[in-house]
Amino acid sequence: MKLILMGPPGAGKGTQGDRLAARFSIPRLSTGDMLREARKAGSPRGREAQRYMDAGELVPDDVILGLVEEALATPAAAKGFLFDGFPRTMTQADGLSALLDSRSSELDAVVTLDVPDEELVARISGRRVCGACGHITHVIEIGDDTGCAVCGGPLIQRSDDSEATVRRRLDVYREQTEPLLEYYARSPIGLTVVDGTGSVDEITEALLAVLADTADEVHG
Ligand code: AP5
């Protein structure tokens, strides 16, 4: 299964992407996670990315396409993948298309999660992420807990999750990424829009329902 999961910041791409990736036994390829890893490792690419991320701006396309090319070349991605947060610009969509062509590969589905802006801001400002295993949660779920429910690791707030940066990230999404929805809707593969409001379980069910036919075709 080769999927793109799209949607604005805070729509639930990471939360649902983890579940879909587990369900279809494919890696979740999040360019945001790749950049945060590079930043943690203190690599030149990570240091360059940091100032864009903290300002809520997009990291340059050549950096992103370099990361994606490396990820697609790994054995884990040989049979399928789920992109989370990529592509975000027309240049990235064209770059992905060229990378897939060069591997005689093609996408099976492009799905986007639809969530109103005010809910996105509330979700992101309360998000906490486990510094050890990456599990995503929210202050509403954890109450006074300071440890991850999955592995006990420390829960942290992302440096780009302040309300001001979130508003900028939403503007950047509308300006640079939303046009891709039309691009994929007009492509032969089409775009599937899923309501991203409701409980996490309900949204997972809705995603699995719209992907059922594709999964049957891919897995037989
Ligand atoms: P990235 O890490 O990709 O962030 P994003 O796209 O802004 O998306 P988020 O991770 O904020 O949200 P999400 O949709 O994954 O939601 P989540 O599941 O966590 O990118 C960060 C930065 O890196 C960018 O700003 C940019 O600078 C750079 N970057 C990354 N990729 C790039 C690219 N391709 N090109 C250029 N630059 C790039 O959920 C959010 C919260 O909501 C959580 O607290 C969760 O618990 C909660 N939640 C989830 N579902 C529900 C629900 N159904 N109900 C209530 N709460 C929910």
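Order of appearance sets the numbers: ligands from 1, and atoms from 1 within every ligand.
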| Below 3.5 angstrom, do we get any N/O pair linking T137 and ligand 1? | yes
| query | How about Q157: does its CD atom have over 12 heavy atoms from other parts shown lying under 6.0 Å from it? | reply | yes
| message | I'd like the name of whichever of M6, Q50, R28, R123 reaches closest to atom 52 (C) of ligand 1 through any heavy atom. | response | R123
| task | Please determine if S30 has a nitrogen or oxygen closer than 3.5 Å to a nitrogen or oxygen of ligand 1. | result | no
| query | For L58 and ligand 1, does the shortest N/O to N/O distance drop below 3.5 Å? | reply | no
| said: Quick check on G7 - does any of its heavy atoms sit under 4.0 Å from an atom of ligand 1? | reply: no
| message | For Q92, run the side chain to side chain donor-acceptor pair (under 3.5 Å) check against T31, D62, D61, T177 and tell me which one passes. | response | D61
| request: Please indicate whether any nitrogen or oxygen in D33 is less than 3.5 Å from any nitrogen or oxygen in ligand 1. | output: no
| query | Listed by chain and number, what are the side-chain hydrogen bond (donor to acceptor under 3.5 Å, both in side chains) partners of R51, not counting sequence neighbours? | reply | none
| note | At under 4.0 Å between heavy atoms, what of I203 touches ligand 1? The answer is side chain
| Do ligand 1 and I136 have nitrogen or oxygen atoms that lie under 3.5 Å from each other? | no
| note | atom 3 (O) of ligand 1 sits nearest the protein heavy atom R88 NH1, 3.1 Å
| query | Only one of L5, L29, D18 clears side chain to side chain contact (heavy atoms under 4.5 Å, CB included) with L82; which? | reply | L5
| said: Evaluate R128 for polar contact with ligand 1, using N/O atom pairs at a separation under 3.5 Å. | reply: no
| Mind checking whether G12 has an N or O less than 3.5 Å away from an N or O of ligand 1? | yes
| said: When you compare ligand 1 with Q16, is there at least one nitrogen or oxygen pair between them that comes in under 3.5 angstrom? | reply: no
